[in-house]
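Just so you know, these numbers use all the heavy atoms, side chains as well, and skip hydrogens, waters and symmetry mates. Chain A is the first sequence line, chain B the second, and so forth, proteins listed ahead of strands; every chain is numbered from 1.
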Amino acid sequence: MLQNKSFVRKTRQGRVVKVVREHYLRDDIYCGASFCKVCVTSAAKLTPSDSAILVVDTNVVLNQAIPIPTHPRFTLGHIDLLENPGIDGVVLLSVVLDEVKNKNLAVYNRIRALCSNALRKFFVFSNEHHKETYVKAMAGESPNDRNDRAIRVAAQWYQNHLGSTTRVVLITNDRENKRKAIEEGIAAETVDSYVKSLGQPALLDLLVHPPSEDASMMEVEDLRPSKKKVIYTEHKPMSEITSGLHRGIYHQGKLRVNRYNPFEAYVGSESIGDEIIVYGRGNMNRAFDGDIVAVELLPQDQWHTEKSMTIADEDDDEEEDVHLAPGSADDAPRVTNLVPGSGRGVSSVSSRPSGHVVGIIKRNWHSYCGSLEPMPLPAGNGGVAHALFVSKDRRIPKVRIKTRQLGNLLDKRIVVAVDSWDCLSRYPSGHYVRTIGDIGDRDTESEVVLIDNDIDTRPFSAQVLSCLPPLPWSVSSEDLANPIRQDLRHLTVFSVDPPGCKDIDDALHCTALPGGNFEVGVHIADVTNFVHPGTPLDDEATQRGTSVYLVERRIDMLPKPLTEDICSLRADIERLAFSVIWEMTPEAEIISTRYTKSVIKSSAALSYVEAQARMDDSRMTDQVTKDLRNMNKLAKIMRQRRIDRGALTLASAEVKFQIDTETHDPLDIGMYQIREANQMVEEFMLAANISVAEKILNHFPPCSLLRRHPSPTKEMLEPLLRTTAALGLSLDLSSSKALADSLDRAVGDDPYFNKLIRILATRCMSQAVYFCSGDLSPPEFYHYGLAAPLYTHFTSPIRRYADVIVHRLLAASLGIYKLPNIFQDRPQLTSIADNLNYRHRNAQMASRASVELHTIIYFRKRPTDTEGRIVKMRSNGFIVFVPKYGIEGPVYLTLRGEKGGGEWVVDEQQQKVRKIDGSVSYSVLQTVRIHMEVVEPQPNRPKLQLTLL
Amino acid sequence: MEYVNPEGIREDGRRPLEMRHLHAEIGTVARADGSAVFEMGNTKVIAAVYGPREVQNRSQQLNDQALVRCEYSMPNFSTGDRMRKPKGDRRSTEISLVIRQTMEACILTHLMPRSQIDIFVQVLSADGGTRSACINAATLALADAGIPMRDLVTSCSAGYLNSTPLLDLSYFEDSAGGPDVTVGILPKLDKVTLLQMDARLPIDIFENVVQLATEGCKAVANYIHEVLLENTKQLEYRRGL
Ligand SMILES: [Zn+2]
């Protein structure tokens with residue numbers, strides 16, 4: 001049967017055209033009930049054991065308040081509820097799926113995942129193409145009303161089709177739709193009434209709390225009359241925002257909340273070409289991190305010029321008035337907060353525009369990990385309790401939830417979703433989604449770290465695994481005969497990695513040539529021989545972007561058979577590689593470079609320690625050791641040349657744990673020791689990356705994937721300059737070379753001083769990022785830290801997707817393979833680079849959070865006295881950096897509550913804090929003895945505390 | 001974009017291997033020697049054939065075979081945006097050529113030396129697959145004109161979207177920018193006379209897609225046979241046989 005569907009559509013040029021599309025109606029769409037006598041039941045999912053067949057309306061699925069008051073259909077939804085196994089036997093109509101897809105792709109993907117989950121009974125019924133359930137819009141009927149009717153018709157069809165022995169219930173939150181359904185003789189219920197009828201308290205918690213229902217919450221607040229007033233200004237209606245944006249009085253952009261100070265946010269605005277700072281929750285006006293907002297600039301005299309120097313205590317924000325300016329600086333003074341790698345130099349420069357949010361264009365609400373604020377259990381009736389949820393992510397405000405299982409949840413890490421935030425309530429309202437586990441439990445906390453950083457830990461799907469070659473895999477005669485592949489098995493190739501490394505992606509060789517020159521090769525696992533573009537395996541790796549290393553576990557980008565076996569360049573096994581081979585003079589000048597796919601056979605997989613020991617042991621004269629020594633000589637020359645060119649030798653405080661293999665608890669903690677062998681390998685990897693970057697950019701100027709490190713601006717180095725100025729040191733920032741030289745000159749009384757300055761400098765720099773060469777101009781390609789005009793990542797394709805892309809580019813530039821089509825699509829390439837940066841950053845944050853977690857676990861049983869260095873002054877104390885454990889945190893001179901007690905005076909110029917009577921003073925970079933101990937100010941909330949000895 | 005949903009249904013309700021509705025009418029232009037309207041879904045094409053007749057321009061006359069000419073046009077009203085297109089643009093010149101070559105390959109031109117056959121094809125409504133519809137309409141019109149042919153040429157297209165081979169792309173699916181393979185066959189001789197593709201496809205997928213389009217051509221051929229048979233029956237009936 002054929003229907004024509006016609007509608008009007010606006011073209012990209014702004015013209016309105018009428019579109020006519022065919023619409024076929026079918027009689028081979030089945031109901032999906034396994035007990036149906038009429039239909040084909042091969043794909044059936046609904047079973048007679050379900051108490052009822054639920055036909056859900058769109059508003060039941062959608063999770064977000066969409067700011068269109070005239071559309072009651074799209075108010076609030078319950079995707080979390082549907083994901084709970086307590087709800088099953090659900091029919092999703094194609095009309096509902098289409099609406100969900102148009103409104104919120106993320107929710108659509110989640111609901112699709114439910115439908116394809118074999119364990120759940122979710123069935124998609126293509127009502128729009130079924131000849132008995134298709135409805136044509138009537139004259140004057142709005143699309144919403146038409147879709148409502150389609151849903152009712154489908155529900156009716158199910159009831160008639162399955163007969164009276166099966167209960168079919170239409171679940172809708174739209175009162176009008178429910179009324180009409182009941183009129184038409186369809187059983188209909190709201191989500192609330194249906195879930196209540198199930199009588200499961202855990203399910204009740206998952207209910208979304210629409211703002212109108214907030215009345216009960218208000219009553220609780222009524223006890224505090226002062227809180228009843230309007231707290232936030234009303235958001236402007238969309239029409240006003242649009243016209244305001246048009247006239248240039250409002251500015252649109254994505255709101256980003258300072259990770260270390262949740263009361264400060266930035267909106268990158270294209271219209272004024274600068275970042276607008278938004279101070280305080282009042283000015284943020286209920287916007288969340290990642291929301292697209294409209295901002296109005298404040299009058300210039302209200303732009304902030306000073307920042308308070310007080311350490312904001314974690315409990316402070318409870319007392320913090322939302323109208324007040326932020327209390328703390330950019331750096332989180334939390335003990336658990338490790339050295340931030342890239343402090344966004346956010347000193348408040350008075351010329352930076354400040355603004356306030358007038359409306360939210362697009363919400364970025366999702367679910368958050370955290371725990372409930374400790375509170376006494378409500379007396380008596382184990383009924384509904386109102387609790388405040390505190391997210392692990394400090395950028396997220398507290399969320400109010402209603403729960404019937406408070407006793408169960410208080411000492412748990414839970415996931416909560418945000419539903420609404422009206423201007424009368426100080427905090428947004430949300431609902432409980434699920435429990436992760438006990439607070440403080442290592443596995444629970446590790447999972448929180450992973451969820452928090454959006455890291456996909458699901459096992460690889462069967463589809464992905466089906467892309468792997470059959471095991472056991474070995475180099476075949478075809479591989480050897482392949483003309484693109486050079487047989488390098490005769491070379492003495494070896495690898496040097498951290499001990500216990502299983503995913504070996506690089507190996508080296510160094511052969512002395514007759515004329516006195518050396519042939520040096522870097523051989524990288526040939527991952528792209530197994531990961532082909534466009535396959536599920538490739539798509540999965542693109543999404544993951546990188547492997548993630550936590551202290552006790554690793555989340556792989558590629559399936560284990562590839563990472564640990566097929567691609568890993570293990571000793572004494574033939575493996576496929578992609579090689580960069582140079583001829584070098586004894587002075588380490590590169591005479592020629594060639595690139596080839598190859599077959600190698602590693603003769604030794606050494607650890608850094610082993611390699612170092614071989615080089616140091618003069619009695620050893622075997623081939624590998626001799627080659628190692630030659631390489632080390634070359635590497636030293638290369639390194640020196642790089643430093644002369646202005647490369648920065650930066651430093652970070654990397655710590656290493658020794659983990660108990662049984663309990664996975666940390667046994668020992670210490671600084672990661674860097675040996676000459678590490679530096680040697682690193683030097684050749686850098687050289688290979690640079691050679692490859694040159695090659696691919698030369699061949700594909702518009703679509704190469706490179707890595708750049710932007711030069712730091714003066715503002716970014718501001719904290720470092722303030723410190724060094726107080727110490728009487730001057731740093732020359734005119735170029736990376738000048739900075740490198742002045743860092744070299746910064747030598748203090750103790751050997752650690754220079755390292756400390758370097759650590760502080762590193763912290764001021766932004767991170768290196770991937771980019772698509774077509775998006776920037778060549779001067780911007782510069783890698784500041786390495787003082788290299790071009791750089792990319794080629795050497796770790798097993799654990800970084802960027803390297804996979806670069807391998808494909810290099811292969812194409814050699815004419816081995818054609819360049820995949822994706823490289824012709826610049827926007828797509830840019831978005832891949834952006835995703836890689838995002839994943840890379842998240843992986844780092846996760847690693848760091850994992851280290852923090854294990855630090856706490858380690859010190860829980862081991863209170864320790866140690867030395868620390870003061871790195872930052874505060875009015876009521878200072879921040880101390882503990883080099884031995886790589887952590888830093890606040891040390892208070894005055895007790896909490898008596899802020900700035902008047903006893904201590906800060907001299908910002910000198911970076912000193914001294915007692916008013918002059919008896920004691922502390923200055924920046926001074927060494928102090930401190931005591932470290934894990935305390936639990938609140939039950940189940942362990943934190944590391946630093947106190948002065 | 002989701003062109004085939006997980007339930008295996010395309011945007012317009014078809015399954016991947018299904019063709020749109022076919023409809024054909026013969027003898028729609030009274031003045032012509034042979035004519036036909038051919039519809040594939042919302043794509044509608046009219047074809048009219050004049051000839052064999054005397055060659056108008058003597059200099060073009062071929063002494064050993066008939067001269068086949070083709071004029072293709074796609075008026076502005078046939079598309080959704082009704083954009084004004086210059087006459088004789090490259091696309092229509094190319095399609096004219098494709099139709100002429102395909103038809104020439106099946107007409108027994110050597111039986112009609114020193115004569116001329118004109119094929120006029122006009123798209124009345126375009127919704128994807130116009131090339132195929134043009135060829136199918138021209139075949140019917142030639143058959144209606146009683147021009148001797150080796151076989152009926154029939155054509156159909158197939159594409160590849162969401163990793164699924166799709167038969168007979170609609171305009172919406174065609175605009176996805178994926179590969180679109182148009183195949184023309186001589187069904188009885190089982191020969192391919194036309195194969196066009198304007199994108200890249202891995203060879204194994206390409207073979208699948210071509211295979212699918214060929215199946216489509218056969219289905220079109222069956223339909224055209226039916227239409228011709230029905231037409232003949234009606235002619236017989238009118239003649240009182
Ligand atoms: Zn049925």
Review point. With the threshold set at 4.0 Å, does a side-chain nitrogen-carboxylate oxygen contact exist between B/E7 and A/R112?
Key: yes
**Study point:** Donor-acceptor contact below 3.5 Å, side chain A/R21 vs main chain B/D12
**Key:** no
Check your understanding: Do the side chain of A/Y24 and the main chain of B/H21 share a donor and acceptor less than 3.5 angstrom apart?
Key -> yes
Review point. Would you call A/K101-B/E2 a salt bridge at under 4.0 Å N-O?
Key: yes
Practice item. Might you confirm whether atom NZ of B/K44 has over 12 heavy atoms from other residues, nucleotides or ligands at distances under 6.0 Å? Key: no
Exercise for review: Count the heavy atoms belonging to other residues, nucleotides or ligands that lie under 6.0 Å from CD of B/Q196, then report whether that count exceeds 12.
Suggested key: yes
Review point. Are A/R26 and B/R15 side-chain neighbours, meaning at least one heavy-atom pair lies under 4.5 Å?
Key: yes
Study note, to complete from the structure: Bottom line for B/R10: the part with an atom under 4.5 Å from chain A's heavy atoms is backbone
**Study point:** Side-chain touch A/I29/B/I9, heavy atoms, less than 4.5 angstrom
**Key:** yes
**Study point:** Region of A/F123 that comes under 4.5 Å of a non-hydrogen atom in chain B
**Key:** neither
